[in-house]
Amino acid sequence: MRALTWHGKHDVRMETVPDPKIVNPRDAIIKITSTAICGSDLHLYDSFIPTLRAGDILGHEFMGEVVEVGPGSTLKKGQRVVVPFVIACGKCFFCEKQQYSACDNSNPAEKAEMSEIAYGYPMSGIYGYSHLTGGYAGGQAEYVRVPYSDVGPIVVPDGLDDDKVLFLSDILPTGWMAAENCQIEPGDTVAIWGAGPVGLFAVQSAFLQGAHQVISIDHNPRRLELAAAKGAQCINYHEVKVREALREMTGGIGPDACIDAVGLESHGFALDNIIDAIKTEVRLATDRTHVLREVIMACRKGGRVSIPGVYGGITDKFPIGALMEKGLQVRTGQTHVQRYLRPLLEMIGEGRVDTTYLISHRLPLEEAPEGYKMFKTQQNEVTKVVLKPGWERQAA
Ligand code: NAD
Ligand code: ZN
């Protein structure tokens with residue numbers, strides 16, 4: 001089959017690789033009909049996440065048709081399914097608590113050891129996301145093996161086309177959980193750093209969960225326009241000082257809740273960001289955490305901080321005093337996608353959440369390397385790229 005493989009920093013290629021096979025009784029094989037490039041994939045493309053190996057197949061946002069099932073799968077051939085990016089067994093201590101991204105079984109022992117060293121305990125498996133998360137082949141391919149297929153995938157009705165439901169795989173539940181982690185109360189102002197796909201779904205989710213005012217912060221005018229179209233007020237951090245603007249927009253007290261939907265590759269020319277950029281370049285640091293610092297400083301006293309943005313290692317210059325003295329509450333995590341699939345599918349069906357407006361490009365899978373480059377270098381216009389395995393290649 002054809003698949004998008006990683007070979008090094010900014011080097012991803014379409015290659016012919018062996019077809020996936022059923023390995024365990026609960027496996028299913030899915031023929032991919034749509035798959036997307038995520039901001040998280042950019043962290044791999046930019047080589048911020050360690051333990052990738054040349055030839056690894058990327059992609060964790062995908063859906064398609066069931067073409068083969070093991071004897072323990074509950075799926076049936078021909079069903080259309082969306083697959084959560086988090087791989088979870090459904091039976092361990094953590095899955096029973098619906099903390100699926102903490103699943104204790106989906107990250108094979110020999111790989112889990114690496115994540116145990118990095119994080120104290122091993123985390124769950126994730127498709128196409130390095131050997132820290134299991135080394136599973138991803139779904140930017142024609143076919144993918146789905147383990148624990150009786151737990152993860154959700155069967156979707158034929159009436160809802162791929163574009164409407166694809167983002168159930170990751171960014172829609174991620175935006176939703178980011179807002180839920182803000183424990184929004186009536187009258188709240190929620191400020192959201194990053195108007196990428198995760199930030200944009202967090203805007204919609206915050207309103208649906210009762211926020212009075214949502215403020216979106218980015219420097220890409222097009223992305224901010226999309227946030228404004230969903231009711232957010234906007235701050236372009238190239239034009240104004242973020243903390244001053246937030247103070248003004250909140251009657252001097254600061255936002256009740258703040259979401260970091262940027263993660264470890266924060267841009268900008270603040271002093272701490274420049275130092276982080278130099279240190280990560282020479283491998284003296286792992287993450288550029290400017291946004292997280294700004295979030296903690298900007299949040300009102302007693303407020304709530306939600307961090308869907310991905311971080312990988314450790315950080316310094318961290319405003320621990322502000323966090324403690326202001327009594328902030330912090331919630332974060334890889335999304336427990338399985339927990340949100342049914343309610344969000346229902347909301348899509350009812351038209352309460354708009355999932356297609358942020359798609360700027362639909363490309364044949366064969367053009368995935370161009371898709372990565374565009375999503376990386378033209379962030380303003382390229383808001384979300386969906387790849388279609390069945391489509392003919394157009395680019396020269
Ligand atoms: P993206 O790269 O498309 O968007 C990030 C946005 O942040 C960009 O628009 C960029 O301009 C903006 N930004 C950069 N520096 C900024 C700053 N200083 N202030 C304000 N905005 C700034 O990514 P995305 O797909 O929206 O994902 C966002 C983050 O969420 C990534 O870190 C991704 O890895 C993470 N993520 C987490 C989960 C999870 O389960 N927790 C799931 C999916 C994605
Ligand atoms: Zn993703």
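Counting starts at 1 for both ligands and their atoms, following the listed order. As a basis for the values below, the full set of heavy atoms in this structure was taken, side chains included, without hydrogen atoms, waters or symmetry mates.
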Just which atoms of ligand 1 are under 4.0 Å from any heavy atom in [X]?
| X | result |
| --- | --- |
| P197 | 3 (O), 24 (P), 25 (O), 26 (O) |
| N220 | 9 (O), 11 (O) |
| S40 | 33 (C), 34 (O), 35 (C), 36 (N), 43 (C), 44 (C) |
| H219 | 11 (O) |
| D170 | 42 (C), 43 (C) |
| Q334 | 39 (C), 40 (O), 41 (N) |
| F375 | 3 (O) |
| S266 | 15 (N), 18 (N) |

Do any nitrogen or oxygen atoms of [X] come within less than 3.5 Å of a nitrogen or oxygen of ligand 1?
| X | value |
| --- | --- |
| T335 | yes |
| E265 | no |
| E294 | no |
| G333 | yes |
| Y129 | no |
| W193 | no |
| G199 | no |
| G39 | yes |
| V291 | no |
| L264 | no |

Given that the side chain starts at C-beta and the backbone is N, CA, C, O, which of these parts of T174 lies under 4.0 Å from ligand 1, counting heavy atoms, or is it both or neither?
side chain

For [atom], what's the nearest protein heavy-atom neighbour? Residue, atom name and distance, please.
| atom | value |
| --- | --- |
| atom 12 (C) of ligand 1 | D218 OD2, 3.3 Å |
| atom 3 (O) of ligand 1 | R223 NH1, 2.9 Å |
| atom 19 (N) of ligand 1 | Y237 CE2, 3.3 Å |
| atom 5 (C) of ligand 1 | A261 O, 4.1 Å |

Is there a donor-acceptor pair under 3.5 Å between the side chain of [X] and the backbone N or O of [Y]?
| X | Y | result |
| --- | --- | --- |
| S73 | G70 | no |
| S149 | R26 | yes |
| N107 | G125 | no |
| T5 | G55 | no |
| D188 | V190 | no |
| W6 | L44 | yes |
| Q209 | W176 | yes |
| E142 | R2 | yes |

Proximity winner for [atom], if only heavy atoms of [options] are counted:
| atom | options | result |
| --- | --- | --- |
| atom 21 (N) of ligand 1 | G263, G312, G194 | G194 |
| atom 35 (C) of ligand 1 | S306, A270, P308 | P308 |
| atom 18 (N) of ligand 1 | K384, M177, Q379, H267 | H267 |
| atom 27 (O) of ligand 1 | I171, V262, V295, V198 | V198 |

Determine, stepwise, if the pair D27 / K21 fulfils salt bridge (Lys or Arg N to Asp or Glu O under 4.0 Å).
CA-CA 9 Å; D27 289 355; K21 291 192 170 55; over 6 Å; no

Is there side-chain contact between [X] and [Y], with heavy atoms separated by less than 4.5 Å?
| X | Y | value |
| --- | --- | --- |
| H43 | Y311 | no |
| V86 | T335 | no |
| L58 | Y372 | yes |
| R247 | E244 | no |

Would you check if the distance from the ring center of H60 to the ring center of F85 is below 6.0 Å?
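Here the rings of F85 and H60 have centres that are less than 6.0 Å from each other.
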
Angle between ring planes, Y45 versus H10, binned at 30° and 60°: parallel, tilted or perpendicular?
tilted

Sort out for me which residue in P84, S169, S40, P197 forms a side chain to side chain contact (heavy atoms under 4.5 Å, CB included) with E61.
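Of the listed residues P84, S169, S40, P197, the side chain to side chain contact (heavy atoms under 4.5 Å, CB included) partner of E61 is S169.
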
Report the C-alpha distance between T189 and T250 in whole Å, list the side-chain angles of each, state the deciding distance to 0.1 Å, and finish with yes or no for side chain to side chain donor-acceptor pair (under 3.5 Å).
CA-CA 7 Å; T189 293; T250 56; over 6 Å; no

What's the verdict on salt bridge (Lys or Arg N to Asp or Glu O under 4.0 Å) for R13 and D11, showing C-alpha distance, side-chain angles and the deciding distance?
CA-CA 7 Å; R13 306 174 195 166; D11 181 3; 2.8 Å; yes

May I ask whether Y311 places a heavy atom under 4.0 Å from ligand 1?
no

Could you tell me whether ligand 1 has any atom less than 4.0 Å away from a heavy atom of G268?
no

The Zn ion (ligand 2): protein N, O or S atoms [distance under 2.8 Å]:
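Per the 2.8 Å query on the Zn ion (ligand 2), atoms found are C38 SG, H60 NE2, E61 OE2, D170 OD2.
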
Per the side-chain hydrogen bond (donor to acceptor under 3.5 Å, both in side chains) rule, which among D276, D272, T289 passes with T315?
T289

Of the non-hydrogen atoms in D46 and K376, which two are nearest, and what is the gap between them?
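Of all heavy-atom pairs spanning D46 and K376, the closest is OD2-NZ, 2.9 Å.
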
